[in-house]
J.: 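Have a look at the structure that comes next, please.
Here the structure is a predicted model, which is why all the values come from computation and not from measurement.
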Amino acid sequence: MDVLFGNLGEFLTRFGGTIGLFVCSAIASLILGVILAAMRVSPVPAMRATGTVYVTLLRNTPLTLVLFFFALGFTKLFFYLPFFLLAVIGLSLYTAAFVCETVRGGISTVSEGQAEAARALGFGFTQTLTLVVLPQAVRSVMPPLTSVQIALLKNTTVAAGFSVFEAGGFYRAVNERGGSTLVALLWVALGFIVLVIPLTVLQRRLEKRWSVAR
Amino acid sequence: MSDQSAPGAASSSAPMVRMAGVNKNFGDLHVLKDIDLEVARGEVVVVLGPSGSGKSTLCRAINRLEPIDGGTVEIDGTPLPEEGKDLAKLRADVGMVFQQFNLFAHLTILDNVVLAPTRVRGVSKAEAQERAHALLDRVGIAEQAQKYPAQLSGGQQQRVAIARALAMEPKVMLFDEPTSALDPEMVGEVIEVMAGLAKDGMTMVVVTHEMGFARRAAHRVVFMADGEIVEDTTPDSFFSRPATERARDFLGKILTH
């Protein structure tokens, strides 16, 4: 308990950092992931190819490497950005590949007839996708999509590797002050478990609300 | 009753639907062979034929849901363009009812009917809702407006699908086996709505196995076999004096069981 309460301020600020990283990256990755999924089912070959290359590159690269690229390479190659923002970009780009594949899986569960009915009513490709197919696709993949986002939440600890102030670095701060690293890590683990609960609750709520429509 | 002439057929210059030399292959299978078909304004054409005769493909080729390999399709004098914005615009004028209903599963009945008029035609939401309620009332689903498609019976879903198509105020309605996925006791309610439409002068192309509807509401019967139009005549003469062996064979199978 001393490890936690002696460093409570540190603990809370760091988890604040984690939540900040997570919320920003979650929103960005969901938006980008859905756009990528749309590209991968687009009738335009160049769009499909771009989506495929993106997913292949980002999904197959270890997250640590992606984040190190942004931490070390980005500022050198382009321009200065704060580490927090670089971490958000790295996490979002990486997670978007997984969101894309999950949503694409959802698209394939929507029957062809839904898109045909939309086209027959005069909707173009984009409207058919955004008004009819994607809403149903996302509903059908709520559980795996939540898992992707939970993975993102935990992946934020990798950002500790380049001095973003977040929960994964808590044990080091405790260690420097002479506290037990092991106990600190246990508190961090507990913190993550608590953070995941609202996500799971949200998933169940949405599933329940949408179940009637399926 | 079946040999009435199509209202307005003589006065209009261009036919509502015109197919000329339409060909379509699925791999080696030649499903549509040089199809020529004209449907006049206000005319109700029923397409009959054994399964695999290409009648569904013909119906779907009219609004190019099924891409064709050759020939032309015109709606109200305008040739159907390639896939894209112009085709979408033309499709908006062609209502379509599917065998599997295909109501949008994530939307309420009301929103199913409201979606296309607001998003494609730019009708205001209030106006679209008012019209949707009137249409749902017309097809007898007024009380179910806030439910989701999965909560309705097949017959009710199909009637909503008809209302959804009518909400776009189409020039012509295509029915692709609208009663084939229904339990027998629900066929009547859908046929009733379709007969009402026919009576109101809607131009209709109906692919169906419901001989009762063909006799009662059709101006013309088109009989297809192996991708070709084999007979094109009035319901009366088709049912009482089929001209070809294939039609006699088909009618024999359908009417004697």
J.: Just give me the residue among B:R119, B:Q100, B:K89 that pairs up with chain A most often, heavy atom to heavy atom, under 4.5 Å.
T.: B:R119
J.: Using non-hydrogen atoms and a limit below 4.5 Å, what part of residues 48-57 of chain B faces chain A?
T.: none
J.: Should the heavy atoms of other residues, nucleotides or ligands under 6.0 Å from CD of B:E127 be counted, would the total exceed 12?
T.: yes
J.: Under a 4.5 Å cut-off applied to non-hydrogen side-chain atoms, are B:L115 and A:V132 in contact?
T.: yes
J.: Among B:V97, B:L103, B:L90, which residue forms the greatest number of heavy-atom pairs with chain A at distances under 4.5 Å?
T.: B:L103
J.: For B:F104 and A:A117, which heavy atoms make the closest approach, and how far apart are they?
T.: CE2-CB, 4.0 Å
J.: Do side-chain atoms of B:N63 reach the backbone of A:A120 as a donor and acceptor pair under 3.5 angstrom?
T.: no
J.: When you look at CZ of A:R204, are more than 12 heavy atoms from neighbouring residues, nucleotides or ligands closer to it than 6.0 Å?
T.: no
J.: Scan for side-chain hydrogen bond (donor to acceptor under 3.5 Å, both in side chains) pairs involving residues 89-103 of chain A, sequence neighbours excluded, and state none if there are none.
T.: A:R40-A:E101, A:E101-A:R104
J.: Which bit of A:Q127 comes within less than 4.5 Å of chain B, counting heavy atoms only: side chain, backbone, both or neither?
T.: side chain
J.: Go through the structure and list residues passing side-chain hydrogen bond (donor to acceptor under 3.5 Å, both in side chains) with B:Q144, not counting sequence neighbours.
T.: B:K147
J.: Where on A:A118 is there a heavy atom nearer than 4.5 Å to chain B: the side chain, the backbone, both, or neither?
T.: both
J.: Looking at side-chain heavy atoms only, is the closest gap between A:L121 and B:M96 below 4.5 Å?
T.: no
J.: By side-chain hydrogen bond (donor to acceptor under 3.5 Å, both in side chains), which residues pair with B:H30, not counting sequence neighbours?
T.: B:N23
J.: Give the minimum heavy-atom separation between A:P135 and B:H106, together with the two atoms involved.
T.: CB-CD2, 3.5 Å
J.: Quick check: are there more than 12 heavy atoms from other residues, nucleotides or ligands sitting under 6.0 Å from CZ of A:R205?
T.: no
J.: How far does CZ of B:F101 sit from CD of A:Q114, to the nearest 0.5 angstrom?
T.: 12.5 Å
J.: Side chain from CB out, backbone as N, CA, C, O: work out which of these in B:R164 comes under 4.5 Å of a heavy atom of chain A, or both, or neither.
T.: both
J.: Could you give the distance from CG (B:D176) to CD (A:E116), rounded to the nearest 0.5 Å?
T.: 9.0 Å
J.: How about B:K171: does its NZ atom have over 12 heavy atoms from other parts shown lying under 6.0 Å from it?
T.: yes
